[in-house]
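Just follow the structure's listing: the first ligand is 1, and inside any ligand the first atom is 1.
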Amino acid sequence: MTQTIAVIGAGTMGAGIVQHAAQSGCSVLMYDLKDEFVQRGLGNIRSALQSRVDKGKMSADEMQAILGRIVTTTKRDDAASYDLIIEAAPENIDLKREIFADLGKKASATSILATNTSSLSITSIASASPHPERVVGMHFFNPAPVMPLVEVIAASQTSSDTVESVRSIAQAMGKTPVRASDTPGFIVNRVARPFYSEALKIVGDGSARISTVDAAMDAAGFRMGPFELMDFIGIDVNFAVTQSVYSAFFGEARYRPHPIQQRMVEANTLGRKTGQGFYSYTNGNKGEPALSQTISLEHKRTVPFVPEHLTQVFLSRGGIRIPDDRPELGEIIVRILVMIINEAAYALGEGVASVRDIDIAMKLGMNYPQGPLKWADEIGLDTVHAVLKSLMASLADQRYRPAPLLWQMLRSGATGDAVGEGFHTPGEKGMV
Ligand SMILES: NC(=O)c1ccc[n+]([C@@H]2O[C@H](COP(=O)([O-])OP(=O)(O)OC[C@H]3O[C@@H](n4cnc5c(N)ncnc54)[C@H](O)[C@@H]3O)[C@@H](O)[C@H]2O)c1
């Protein structure tokens, strides 16, 4: 690879991107405000590489060659001559706009400026630059050297040449790029919201305990249950993303944050990093759910929110088996999964990304066992729709409104694999 890359910010993401770019053969400049910050970033890169050497995954010579491709600076102007400048400074719109205004003026006439923002508007950041056509979103996932996905997001002003260049640079770096439109949460941070919010709602309405919800999603093939994952990410970080998406969609019910999460933040029980979150942690090992969280009403429902036969059809067509002695896991899986599928259908209907890119993004960005739209094809859009309707009726909450696209496909008979037409098998009736 011949590209030269400058990274603005040497924190978690910045250092990870620098490491990955240098590993893929690029000459990289790493900038931060103070030398101690740059040195901390470089130290983190060095120890990550050293651990690969110790495990026999890389030779000491390779490690030295990678480090030799990295230069550091505390002078931001040094970045101006690089082909691609990736900004990974804190998530603050004013700060990012100042960086893009300044570097947009000083960068060479062919430089591309990319932002790694998770939740801010690329269009707003681009408009600060005198050359917004060369500004783009390039959203890496944490840890950047390991996670294969990069969301490439065009601002309203971004040229197609810029998008294409960044897509091929990401590919040359060994990443899998997907295209997303400049909408709140892009693909992954939007479609993943129900994994957490429906789990919180299930616990909040007294339907199940935290450990039961996590056991359900484990049975469905997810690597971590929602509560374990929130503890891992940091409950404050997860809450901030939820709030940001909720407000960016002007209070849409599907993204409504849950008071349980707010209370956890107020109590400073933020997950692994504070030793106490939904579970308690000793020396990094997960223990029991926190006492107050184990007390669930588990109210004596005699009628399930989702009719039993629908739950059975949903699970069996979705290829999900639950242990015979844990029938209570079924409805939990159906509630969470159907909301992820619905969100993917909303995103598709609103032109956020293609069928293929939505499914790839959720598999590579979140390690989901299956793309939500592929799952919908297998389960059948008629079943997905029926589950949503019964949740809306029984829980009387607008968040369960089926996506208009689901209804349209249902009306045209494109209900998925059973009829040979669905999201992934476009036909006359299905998607294009
Ligand atoms: N952490 C994640 O999981 C993750 C994942 C994807 C995207 N992001 C996004 O990446 C960006 C960086 O996040 P992070 O987790 O690496 O944050 P971080 O706090 O670990 O690092 C931010 C770095 O930016 C530096 N900085 C502060 N002001 C600066 C300025 N004016 N110019 C240049 N550098 C400055 C800080 O010294 C720090 O080293 C954010 O926009 C975040 O939303 C984070």
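- In this structure, atom 19 (O) of ligand 1 has its sub-4.0 angstrom surroundings free of protein heavy atoms.
- When each atom of ligand 1 is checked for a heavy atom of Ser118 under 4.0 Å away, the hits are 6 (C), 7 (C), 8 (N), 9 (C), 42 (C), 43 (O), 44 (C).
- Near Arg40, the atoms of ligand 1 lying under 4.0 angstrom from a non-hydrogen atom of the residue are 39 (O).
- Of the options Thr12, Asp32, Ile17, the smallest heavy-atom separation from atom 37 (O) of ligand 1 is shown by Asp32.
- Nearest protein heavy-atom contact of atom 26 (N) of ligand 1 is Pro90 CD, 3.5 Å.
- More than 12 heavy atoms of other residues, nucleotides or ligands sit less than 6.0 Å from atom OH of Tyr281.
- Applying the salt bridge (Lys or Arg N to Asp or Glu O under 4.0 Å) rule to Arg69 yields no partners; only residues at least two apart in sequence or on another chain are considered.
- In terms of N/O distances under 3.5 Å, ligand 1 is approached by Asn116.
- When every heavy atom of Tyr279 is checked against every heavy atom of Asp231, the shortest pair comes out as N-OD2, 3.0 Å.
- Short contacts between ligand 1 and His139, defined as distances under 4.0 Å to a heavy atom of the residue, involve ligand atoms 6 (C), 7 (C).
- Rounded to the nearest 0.5 angstrom, Gln262 CD and Phe239 CZ are separated by 4.5 Å.
- You'll find the side chain of Met409 reaches within 4.5 Å of the side chain of Leu405, heavy atoms only.
- Looking only at protein heavy atoms, the nearest one to atom 41 (O) of ligand 1 is Glu91 OE1, 2.5 Å.
- The heavy atom nearest to atom 40 (C) of ligand 1, out of those in Gly11, Gly41, Ala10, Ala89, is found in Ala89.
- By the ring-ring contact (aromatic ring centres under 6.0 Å, His included) test, Tyr196 pairs with no residue at all, sequence neighbours left out.
- No heavy atom of Arg76 sits closer than 4.0 Å to any atom of ligand 1.
- Classification of Glu378 and Lys374 as a salt-bridged pair holds, one side-chain N sitting under 4.0 Å from a carboxylate O.
- Heavy-atom contacts of Lys96 reach the following atoms of ligand 1: 40 (C), 41 (O) (cutoff under 4.0 Å).
- With respect to the salt-bridge test (charged N to carboxylate O, under 4.0 angstrom), the residues Asp214 and Lys286 do not qualify.
- Salt-bridge formation is not detected for the pair Glu87/Arg76: no Lys NZ or Arg NE/NH1/NH2 atom is positioned less than 4.0 Å from an Asp or Glu carboxylate oxygen.
- Across Tyr31, Phe141, Phe37, Phe140, heavy-atom proximity to atom 6 (C) of ligand 1 is greatest for Phe140.
- For atom 3 (O) of ligand 1, the nearest non-hydrogen atom of the protein is Asn142 CB, 3.3 Å.
- Considering backbone and side-chain atoms together, Glu87 places no N or O closer than 3.5 Å to any N or O of ligand 1.
- Remark: Arg179 CZ is loosely packed, at most 12 non-hydrogen atoms of other residues, nucleotides or ligands lying under 6.0 Å away.
- For ligand 1 and Ile8, the ligand atoms under 4.0 Å from any heavy atom of the residue are 33 (C).
- Counting only non-hydrogen atoms, the option in Pro143, Gly9, Ser244, Ala88 that gets closest to atom 12 (C) of ligand 1 is Ala88.
- Between Val213 and Ala199, the closest heavy-atom pair is CG1-CB, 3.8 Å.
- Under 4.0 Å from ligand 1, the heavy atoms of Leu33 that appear belong solely to its side chain.
- Between the side chains of Asp61 and Ser59, no donor N or O sits under 3.5 Å from an acceptor N or O.
- On a distance-only criterion, Met13 and ligand 1 share at least one N/O pair closer than 3.5 Å.
- Here is the list of ligand 1 atoms found below 4.0 Å of a heavy atom in Thr117: 41 (O).
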